[in-house]
Each structure stands twice: as C-alpha cells, then as structure tokens.
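The next block holds one structure in the form of structure tokens; read it before the comments.
All values below were derived from every heavy atom in this structure, side-chain atoms included, with hydrogens, water molecules and symmetry-related copies excluded. Each ligand, and each atom within it, is numbered from 1 in the order the structure gives. Numbers here simply count residues along the sequence, with the first being 1.
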Amino acid sequence: MAFEDLYQEIILDHYRHPRNFAVLDEVSDENIHENPTCGDSIKLDIRLGEDGRIESVRFNGRGCAISVASASMMTEQLAGLTIKEALAKISSFVRILRGEGDASQLAEWGDLVALEGVVKYPIRVKCATLAWHAASDLLVSKSRGAS
Ligand code: FES
C-alpha cells in the first residue's frame with residue numbers, strides 16, 4: 001500500500017469514527033469555532049485534571065473529512081499534556097501545516113502524520129487547523145482562569 005493510500009485510510013477512519021466526539025449541549029457556544037471560508041464549525045470542550053493536565057478533549061460539529069479527522073486526532077494528542085505543553089504542540093502543528101515548521105516532527109505524532117500532504121493545499125490547511133485554533137483559544141482562556 002502506498003503511503004498516500006495509507007494516510008487516506010487513517011484520515012477516513014478518524015472521519016468515520018471520530019474519537020472523543022460527544023454531545024456538548026452543556027458547553028457554552030463561546031467554544032464554537034468557525035472556518036470562515038466554508039461556514040463549518042466545531043465545538044470543543046477541554047477538561048483539566050486536578051494536576052493541571054488535560055484530562056479530556058471532546059468535540060462536536062460539522063466539517064469536511066480533513067477537519068473532523070484532524071479534530072479527532074487532536075483530542076488524542078492533547079490528552080495528558082499541561083496547558084503549556086499543549087499550546088506548544090498546537091503552535092508547532094499549525095506552523096508545520098503552514099509550511100513553516102519541521103514536517104519530520106509529524107512522524108513522531110502518531111496518526112497526525114497522515115495530514116502531511118495537507119501542506120500543499122492552503123484551503124485545506126484551514127480545515128486541518130480549525131480544531132487546533134479552537135483548542136488554543138480555549139486553553140489560553142483557561143490559563144487566564146476565564147473558564
Ligand atoms: Fe469546511 Fe473543511 S471544507 S472545514
């Protein structure tokens with residue numbers, strides 16, 4: 001199986017069976033992030049444990065395969081990190097997808113490597129980073145004690 005096919009399989013698996021996809025009716029609509037280019041949106045909930053580490057990341061919303069798969073992968077990637085570690089990872093991921101970071105790092109981040117090819121498609125970069133921007137905003141507000 002070619003790498004492209006394998007990556008496609010990974011993306012479709014996360015799209016069809018998104019991890020940590022949940023009903024989030026109790027979560028404030030302030031946690032909704034929209035992709036202005038298409039109107040798709042994602043709602044995010046991040047819970048911190050008593051040790052200050054991320055206990056769970058759950059999401060809801062609608063979007064294309066890339067945006068849902070990326071959100072699903074992100075929920076797995078951020079669990080267990082401190083807010084500082086998570087913000088650093090989000091920043092690195094967004095930079096890589098914009099073609100500014102060290103893409104080889106994706107290979108160390110499990111299924112995220114499947115999004116490597118998105119770098120070539122600027123429109124798709126917005127899809128793949130939608131949940132990550134939402135997580136960044138939410139974590140920054142949590143670190144300020146706002147939610
Ligand atoms: Fe809307 Fe990808 S087309 S998030």
Side-chain angles (χ1 to χ4, degrees), residues 1-48 54-81 83-144 146-147:
M1 188 185 267
F3 271 127
E4 291 76 22
D5 295 339
L6 175 65
Y7 290 172
Q8 190 71 12
E9 281 298 311
I10 294 172
I11 289 168
L12 285 177
D13 179 54
H14 276 273
Y15 176 55
R16 291 181 182 136
H17 312 286
R19 317 318 189 246
N20 302 302
F21 190 83
V23 176
L24 297 175
D25 291 343
E26 81 286 7
V27 175
S28 161
D29 284 352
E30 285 175 16
N31 295 348
I32 293 177
H33 229 76
E34 191 176 286
N35 180 346
T37 59
C38 63
D40 288 336
S41 64
I42 193 159
K43 190 178 200 179
L44 207 60
D45 182 46
I46 298 179
R47 299 269 160 97
L48 299 177
I54 295 173
E55 200 169 72
S56 71
V57 183
R58 300 178 303 153
F59 78 104
N60 200 316
R62 61 167 202 281
C64 61
I66 297 281
S67 68
V68 172
S70 184
S72 170
M73 292 175 194
M74 183 192 80
T75 64
E76 295 185 319
Q77 290 289 322
L78 299 186
L81 302 183
I83 290 181
K84 195 173 167 194
E85 289 166 346
L87 287 172
K89 191 165 203 171
I90 292 167
S91 167
S92 297
F93 177 74
V94 170
R95 281 177 48 78
I96 289 169
L97 282 208
R98 285 182 182 152
E100 299 162 3
D102 175 12
S104 68
Q105 200 162 21
L106 285 179
E108 294 163 26
W109 290 344
D111 288 352
L112 281 179
V113 72
L115 296 172
E116 194 175 49
V118 172
V119 178
K120 289 180 250 154
Y121 305 97
I123 291 280
R124 290 294 173 186
V125 170
K126 285 193 165 48
C127 303
T129 56
L130 178 62
W132 298 74
H133 288 303
S136 176
D137 285 359
L138 192 50
L139 287 170
V140 167
S141 79
K142 278 186 185 292
S143 70
R144 291 186 185 135
S147 62

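R47 has a carboxylate O that lies under 4.0 Å from a charged side-chain N of E26, or vice versa, which qualifies the two as a salt bridge.
Every residue meeting the side chain to side chain donor-acceptor pair (under 3.5 Å) condition with D111, not counting sequence neighbours, appears here in chain and number order: H14. By the ring pair (Phe, Tyr, Trp, His ring centres under 6.0 Å) test, F21 pairs with F59, sequence neighbours left out.
For the pair D13 and R19, the minimum side-chain heavy-atom distance is below 4.5 Å. Proximity of S70 to L115: side-chain heavy atoms (C-beta onward) are separated by under 4.5 Å at one or more points.
Within 4.0 Å of ligand 1, counting heavy atoms only, the contacting residues are N35, C38, D40, C64, S67, R124, C127.
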Solution key, residues 90-101 side-chain donor-acceptor pairs under 3.5 Å, sequence neighbours excluded:
unit_1 : atom_1 : unit_2 : atom_2 : d
S92    : OG     : A88    : O      : 3.0
R95    : NH2    : E100   : O      : 3.1

